[in-house]
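In each ligand, atom 1 is the first atom listed, and ligand 1 is the first ligand listed. If you're wondering where the values come from, they're calculated on a predicted model, not measured in any experiment. Side chains are part of it too, since the values below use all heavy atoms of this structure and drop only hydrogens, waters and symmetry mates.
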Amino acid sequence: MKTEIIKVDAQQPDEALLQHAGEIIKDGGLAAFPTETVYGLGGDALNPESSKKIYAAKGRPSDNPLIVHIADYEALYPIVKKIPPAAEKLAEKCWPGPLTMIFEKTELVPDETSGGLPTVAVRMPSHPVAAALIRLSGGYIAAPSANLSGRPSPTTAAHVIEDLSGRVEMIIDGGPVDIGLESTIVDFTEEVPVILRPGYINLRMLQEILGEVKLDPGLTAEGEQEGVRPKAPGMRYRHYAPKAPLTIVEGPDRAVIDRINELTEEAAAKGLKAGVIATAEHAGSYHAASVHTIGSRRDEDTIARNLFAILRDFDSEKMDILFSESLDTPRMGMAVMNRLLKAAGHQVMKVGDNDLNGGKL
Ligand code: TXA
Ligand code: MG
């Protein structure tokens, strides 16, 4: 399949250009498009054939449900059985924006879209291109992140082209995304709202709006140890993993820098190419062959925005072994660490104060 690539202005997209993309989706085809979180791979959410095509294009297991994207709040009524008052309140504060909510679905949502679940995930993105395209496509776009299954989510059109060129009818290039991590997912089908995937809208913000909020036990380290599976099917899969093994090194700054330098020197001595993900404060202290600066510790938004691109860069550089500082910052830390831990397959090395001479733990 020949993939058509069109460029649009992110803030003021030309409707005539998007009209063609809307027609493609209405006709059962696929178009990738920018949102404020990551690029999405869009198809008609109410057409089971479109959802099947999305799974095929991504190489994604078909029991992993898709998020239905809407552009207007009223579009929620026909696709969900009931809207709990807490969900309505959250929508008022956070939609349009980087928030997905889970509801009981109506018959209108095909099982192919919901991965066979009786529930549906719904998001109203704020990106002008996404909002215009949803309206031009009939109001309901099913869109997973526009990456091949298992790869980091795309934050630029180039990432989408790398993964999906030849597999979809159209890719809309609206420039780099703003947030860089996928939306926060909150489940409203239980008594107390539950966070299934952390994102830009964090636990504290949700607690301020909703009062009591739970964290899916499958997301925490304790849950993992006890073998609790995350409720969102997509959070169970191996994800974002770079081709080279990645280890997160955690501890006081000096100890982390010294240990990473030791490890990358050992790797270099064996003829391996080692890479490091470093914050701007420490990047100059590393000796590894490839050091990627993810952003300043004082600028969490930049750290979140750069993570997926750096994971992809290391793949194209064909590195053999990777290390990262911990990126557990105050506001976005839970979301960033959730993705970084998945990318590392939960490989974490803790170094301590008394470890300055590189003594083994
Ligand atoms: O920011 C985002 O949410 C992006 C953009 C494109 O909107 N989309 C996205 O979609 O990240 P995807 O398919 O890559 O991730 C959706 C996640 C998966 O982990 C999936 O299992 C979960 O949402 N999910 C979808 N429907 C669900 C449901 N009914 N119950 C539980 N989890 C659900
Ligand atoms: Mg995804």
Side-chain angles (χ1 to χ4, degrees), residues 30-43 45 51 54-55 57-71 79-81 94-106 109-127 129-131 133-134 141-155 159-160 163-164 172 174 177-190 193-201 216 218-219 229-241 304 308 335 338-339 342-343:
L30 305 183
F33 61 97
T35 83
E36 68 277 22
T37 56
V38 299
Y39 271 75
L41 170 56
S51 294
I54 291 178
Y55 291 113
K58 275 182 66 92
R60 171 172 177 150
S62 59
D63 62 351
N64 187 6
L66 308 173
I67 297 175
V68 177
H69 294 67
I70 58 175
I79 58 169
V80 309
K81 278 204 179 137
C94 299
W95 270 1
L99 169 76
T100 296
M101 295 195 272
I102 312 272
F103 302 95
E104 280 173 52
K105 78 173 184 81
T106 63
V109 182
D111 281 342
E112 284 78 0
T113 302
S114 69
L117 294 176
T119 54
V120 61
V122 189
R123 171 157 119 79
M124 191 196 296
S126 63
H127 196 293
V129 173
L133 182 65
I134 293 164
I141 294 188
S145 49
N147 51 279
L148 286 175
S149 190
R151 297 213 74 202
S153 296
T155 54
H159 296 159
V160 183
D163 281 14
L164 297 179
I172 303 171
V177 301
D178 182 23
I179 294 174
L181 298 178
E182 309 87 341
S183 61
T184 305
I185 302 180
V186 184
D187 182 2
F188 280 96
T189 65
E190 306 206 15
V194 188
I195 300 176
L196 303 189
R197 179 172 72 183
Y200 178 86
I201 297 179
D216 182 7
L219 287 178
R229 280 154 59 88
K231 186 168 178 189
M235 300 296 282
R236 296 173 197 148
Y237 297 108
R238 188 181 142 88
H239 228 296
Y240 315 125
F308 288 150
N338 170 265
R339 276 55 167 203
K342 273 174 174 288

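- Within the set Val68, Leu99, Asp216, Ile102, the minimum heavy-atom distance to atom 28 (C) of ligand 1 is found for Ile102.
- With a 4.0 Å heavy-atom cut-off, ligand 1 is reached by no atom of Glu104.
- Taking the six-membered ring where the residue is Trp, Phe103 and Phe188 present parallel rings, their angle staying beneath 30° rather than reaching 60°.
- Geometrically, ligand 1 and Thr35 share no nitrogen or oxygen pair separated by less than 3.5 Å.
- The main-chain N or O of Pro98 is never found under 3.5 Å from a side-chain atom of Thr37 such that the two would form a donor-acceptor pair.
- Of all the listed residues (Asp187, Leu181, Asn64), Asn64 holds the heavy atom that lies closest to atom 21 (O) of ligand 1.
- Distances shorter than 4.0 angstrom occur between a heavy atom of Ala143 and an atom of ligand 1.
- Near Ile67, meaning under 4.0 Å from one of its heavy atoms, ligand 1 places the atoms 3 (O), 8 (N), 9 (C), 10 (O), 16 (C).
- With values rounded to the nearest 0.5 angstrom, Asp111 atom CG is found 12.5 Å from Asp63 atom CG.
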Report task. Check the pair Thr100, Ser183 against side chain to side chain donor-acceptor pair (under 3.5 Å), reporting the backbone distance first and the verdict last. Result -> CA-CA 6 Å; Thr100 296; Ser183 61; 2.7 Å; yes
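- Summary of contacts: the protein heavy atom closest to atom 4 (C) of ligand 1 is Val38 CG2, 3.8 Å.
- Using modelled atom types, no side-chain atom of Asp187 and backbone atom of Val194 make a donor-acceptor pair closer than 3.5 Å.
- At the top of the distance list for atom 19 (O) of ligand 1, counting protein heavy atoms only, stands Gly234 CA, 3.1 Å.
- Counting protein heavy atoms only, atom 3 (O) of ligand 1 is closest to Ser183 OG, 2.5 Å.
- In terms of polar-atom proximity, defined here as any N/O pair under 3.5 Å, Leu196 makes no such contact with ligand 1.
- Remark: minimum distance from atom 24 (N) of ligand 1 to any protein heavy atom is reached at Pro65 CG, 3.7 Å.
- Annotation: Lys231 places no N or O atom under 3.5 Å from an N or O atom of ligand 1; distance criterion only.
- Taking every non-hydrogen atom of Gly40 and a distance limit under 4.0 Å, the qualifying atoms of ligand 1 come out as 6 (C).
- Taking only nitrogen or oxygen atoms, main chain and side chain alike, Glu182 does not reach within less than 3.5 Å of ligand 1.
- With rounding to the nearest 0.5 angstrom, the NE2 atom of His69 is 11.5 Å from the CE atom of Met124.
- Of the protein's heavy atoms, Arg197 NH1, 3.2 Å lies nearest to atom 15 (O) of ligand 1.
- A distance-only check finds a donor-acceptor pair linking the side chain of Thr184 to the backbone of Gly199 [under 3.5 Å].
- Scanning the protein heavy atoms around atom 13 (O) of ligand 1, the nearest turns out to be Arg60 NH1, 2.8 Å.
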Report task. Show your reasoning for whether side-chain contact (heavy atoms from CB on, under 4.5 Å) applies to Val177 and Thr35. Result -> CA-CA 7 Å; Val177 301; Thr35 83; 5.7 Å; no
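- To the nearest 0.5 angstrom, Leu219 atom CG is 7.5 Å from Leu196 atom CG.
- Formation of a donor-acceptor pair under 3.5 Å by the Lys105 side chain with backbone atoms of Ile79 is not found in this model.
- The distance from ligand 1 to the heavy atoms of Met235 drops below 4.0 Å at these ligand atoms: 19 (O).
- Looking at Glu36 and Arg123, a side-chain N of the basic residue comes within less than 4.0 Å of a carboxylate O on the acidic one, giving a salt bridge.
- Looking from atom 7 (O) of ligand 1 to the surrounding protein, the closest heavy atom is His69 NE2, 2.7 Å.
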Query raised in the report: Do Phe33 and Ile141 pass the side-chain contact (heavy atoms from CB on, under 4.5 Å) test, and can you show the C-alpha distance, the side-chain angles, and the key distance before you say yes or no?
Result: CA-CA 11 Å; Phe33 61 97; Ile141 294 188; 4.0 Å; yes
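- For ligand 1 and Pro233, the ligand atoms under 4.0 Å from any heavy atom of the residue are 21 (O), 31 (C), 32 (N).
- Distance OG/Ser145 to CG/Asp163: 9.5 Å, rounded to 0.5 Å.
- Heavy atoms of Lys105 come nearer than 4.0 angstrom to ligand 1 in no pair at all.
- The nearest heavy-atom contact from the protein to atom 29 (N) of ligand 1 is Thr119 OG1, 2.9 Å.
- Checking only distances, Tyr39 never comes within under 3.5 Å of ligand 1, N or O to N or O.
- Remark: side-chain polar atoms of Tyr55 are paired, donor with acceptor, to backbone N or O of Asn64 under 3.5 angstrom.
- Heavy atoms of Ser145 found under 4.0 angstrom from ligand 1 belong to the backbone as well as the side chain.
- When heavy-atom distances to ligand 1 are checked against a 4.0 Å cut-off, Leu117 comes that close only through its side chain, counted from C-beta outward.
- Contact annotation: Ser149 places no N, O or S atom under 2.8 Å from the Mg ion (ligand 2).
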Report task. With side-chain contact (heavy atoms from CB on, under 4.5 Å) as the test, would you mind laying out the steps for Phe308 and Leu181 before giving the verdict? Result -> CA-CA 8 Å; Phe308 288 150; Leu181 298 178; 3.9 Å; yes
